[in-house]
Amino acid sequence: MDKFYITTAIYYVNDKPHIGSISEAIAADIIARFKRLQGMDVFFSTGTDEHAQKIAERAKKAHMDPQLFVDEASKVWMNLFNIFGISYTRFIRTSDKDHIEVVKDFFQKLYDKGDIYLGEYEGWYCVRDATFLKDSDLKDGKCPICGGEVQRVKETNYFFRLSRYEKPLLKYYEEHKDFIRPESRYNEVINVIKTGLQDVSVSRKSFKFGVPVPFNSEHTVYVWFDALLNYLTSVGFLTDKEKFNHYWPADLHLIGKDITRFHGIIWPAMLMSYGLPLPKEIFAHGFWNLEGAKMSKSKGNVVDPAEFAEEFAKKANVDKETAVDTIRYYLSREVPFGLDGNFTMDTFYRRYNSDLANDFGNLINRTIAMLYKYRDGIVPEETLKDEEIIKLVKDKEKTYIEEMDRYNFSKALDAVWEIVNALNNYIQVKSPWQLKERTDELSSVLYTLLEGIRHTTVLLSPFMPFTTERISKALRDDSPVSKKLQWGMLKPHIKLEKMPPLFPRLKIEKTVVKEKENLISYEDFAKLDLRVARIIAAEKVPKSRKLIKLRISLGDEERTIVGGIALHYTPDELVGRKIIVIKNLQPRKLMGITSQGMLLAATNENEFALLMPDKDVKEGTKVS
Ligand code: MSP
């Protein structure tokens, strides 16, 4: 049996997970499930990266022992992964005992070999990205990756002789054009190597949280040197030789584009130095934004995926697992995998309603309803084979497999939807309600639909593991993995269970979308300069039914504004009143008079009321 070893990056535990971070685990899970479907022996590793300086700082802030802090924080990630159906084989933590031994062993061996030596480091360190930076790396004095503050560091550190691996790396890259995908990332890395590699710091002296250097406990192993080794520990590097030899090298490291250089340069050089084979492929995916903005805590737009799933479940009146599957589906369908994506509530609700409720959900509901109506819920025999639809299913399955092999999830799903659409269309064309009840033709149409649904369910299972499991249970599909995509595996003469609608239509879509569209940020609101103004004089604008010209005082200045209020107020009753105006509106001309601002009023079809402060406040006072 072929093996497939897949990994995700391991997650820093100081921050809460967000939609972007879970997206990588979901993508890896989809690949892992797909490979299992292909009969492979899959090892899927993910976990938490716990020895970063920022984590120790966070623990200190929370007045917690760092180990207790990471124990708690790591659980948050593990629970989230369980909720999202991430079918990992091992959830590795860099604080795991076997991992600490691997880090020590590796550091020692590279030191013994002369590839690690003691030197003087002077430069910058970005705590957020755990990255050493040179003067020339900085952008406006800040970290080029996250844009955050950097610290000046001058300390005695151990260095890894990365420069020694410049030529071997270049040669490897030239011989393995697919080592990093997509191609843009490959080019990025090879260009960095070509500009020349310098030795890199692999220990910290000023910082104690982490794995101590085995031969000098005053130093702590650099968090990236430590973290990258998780890929070896996970498959039993020091604890289980047989397992390690079976699974290593990794078939795929799935990572985000921000950490390509660590994986594409330092990691292979470390492996070359130790004398281990390199991973077969590194795939660096893009980043998810939320409603057009980078997800970050400082922006306050971090959506906790578990909370989001719960909220959506309530809105759509589905259970949490269906909500999770919807998120998994959306992340895979909306944007070609590898590119950056923009998560918007609008497109999320639309995808749910159109793809899941309308197309897939309806197909199942209608088919099961007809099966009950015409055959008491019992699967009929397929006496007449519908070769055309069988061929279409087979063709699309071929496309699906080709696209999945290249991690083109959205294209693979396009192929599945071609089957779903063809089956919905098949119902229209065959119009089972017009066929005579006891005929072979009706039996065959029903069988074709059910078997088509079984096939789409298998194809969707890597993406939506929870709902597809329910459907395949309802279809009583116990076919072996190797025969899942064989036409005709659905057993005739068995009674199928009725299923409640899996994806009920989201009725609140319009209001929700509208609410979201109408939301403005506080910053937008703060742009309005609203003031209390006193009306000094008022007169009707000649030849206008509605307009009144007002002279107002804002305390330190007077202005003229024109308002459409003549149908509701006389000029006389306005003089002396205090109203609210927008001071920083661009001037505009009304009936030849320049209005330098605008008054505020509450209006509907029948009523009109000027906004006025309910106590006497000084003119010019700001309204916020
Ligand atoms: N701990 C390091 C990785 C060490 S691997 C030996 C790290 N951790 S992280 O928590 O910052 O990021 C984990 C993964 O999530 C990375 O691959 C990163 O690119 C990915 N993502 C973080 N934010 C993301 C989005 N907004 N969108 C998609 N992926 C994102 O880096």
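Keep in mind that what you see is a predicted model, and the values were worked out from it rather than measured. One-based numbering, in listed order, for ligands and for the atoms of each. Heads up: numbering here begins at 1 and tracks the sequence.
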Open item on the list: Looking at Lys167, I'd like to know if its NZ atom is crowded, meaning that more than 12 non-hydrogen atoms belonging to other residues, nucleotides or ligands lie closer than 6.0 Å.
Closed with: no

Report the nearest protein non-hydrogen atom to [atom]: residue, atom name, distance rounded to 0.1 Å.
atom                    : answer
atom 3 (C) of ligand 1  : Ile10 O, 3.2 Å
atom 28 (C) of ligand 1 : Gly20 O, 3.3 Å
atom 29 (N) of ligand 1 : His285 CE1, 3.2 Å
atom 19 (O) of ligand 1 : Asp258 OD1, 2.6 Å

Open item on the list: side chain to side chain contact (heavy atoms under 4.5 Å, CB included) for Ser234 and Phe43? Distances and angles first, verdict last.
Closed with: CA-CA 9 Å; Ser234 227; Phe43 196 102; 4.1 Å; yes

Closest by any non-hydrogen atom to [atom]: pick that one out of [options].
atom                    : options                      : answer
atom 13 (C) of ligand 1 : Phe225, Trp77, Trp288, Tyr11 : Tyr11
atom 24 (C) of ligand 1 : Phe287, Trp267, Phe343       : Phe287
atom 20 (C) of ligand 1 : Met295, His263, Glu24        : Glu24

Any salt bridge between [X] and [Y], counting N to O under 4.0 Å?
X     : Y      : value
Lys97 : Glu101 : no
Asp29 : Arg328 : yes
Arg93 : Asp71  : yes
Lys75 : Glu72  : yes

Task: Cation over ring face, Arg204 and Tyr125, 6.0 Å, 45° - done: yes

Open item on the list: Could you tell me if Arg333 sits above the aromatic ring of Trp417, with its cationic atom closer than 6.0 Å to the ring centre and no more than 45 degrees from the axis?
Closed with: yes

Show me which atoms of ligand 1 lie under 4.0 Å from any heavy atom of [X].
X      : value
His18  : 23 (N), 24 (C), 26 (N)
Asp49  : 1 (N), 2 (C), 4 (C)
Trp224 : 2 (C), 3 (C), 4 (C), 5 (S), 6 (C)
Gly256 : 17 (O), 19 (O)

- [ ] For ligand 1, find out whether one of its N or O atoms is nearer than 3.5 Å to an N or O atom of Ile255.
- [x] no

- [ ] Would you check the N or O atoms of Tyr12, main chain and side chain alike, for any that come under 3.5 Å of an N or O of ligand 1?
- [x] yes

Task: Proximity flag Gly286 to ligand 1, non-hydrogen atoms under 4.0 Å - done: yes

Open item on the list: Residue-level breakdown please: for Tyr231 versus ligand 1, do any non-hydrogen atoms fall below 4.0 Å on the side chain, on the backbone, on both, or on neither?
Closed with: side chain

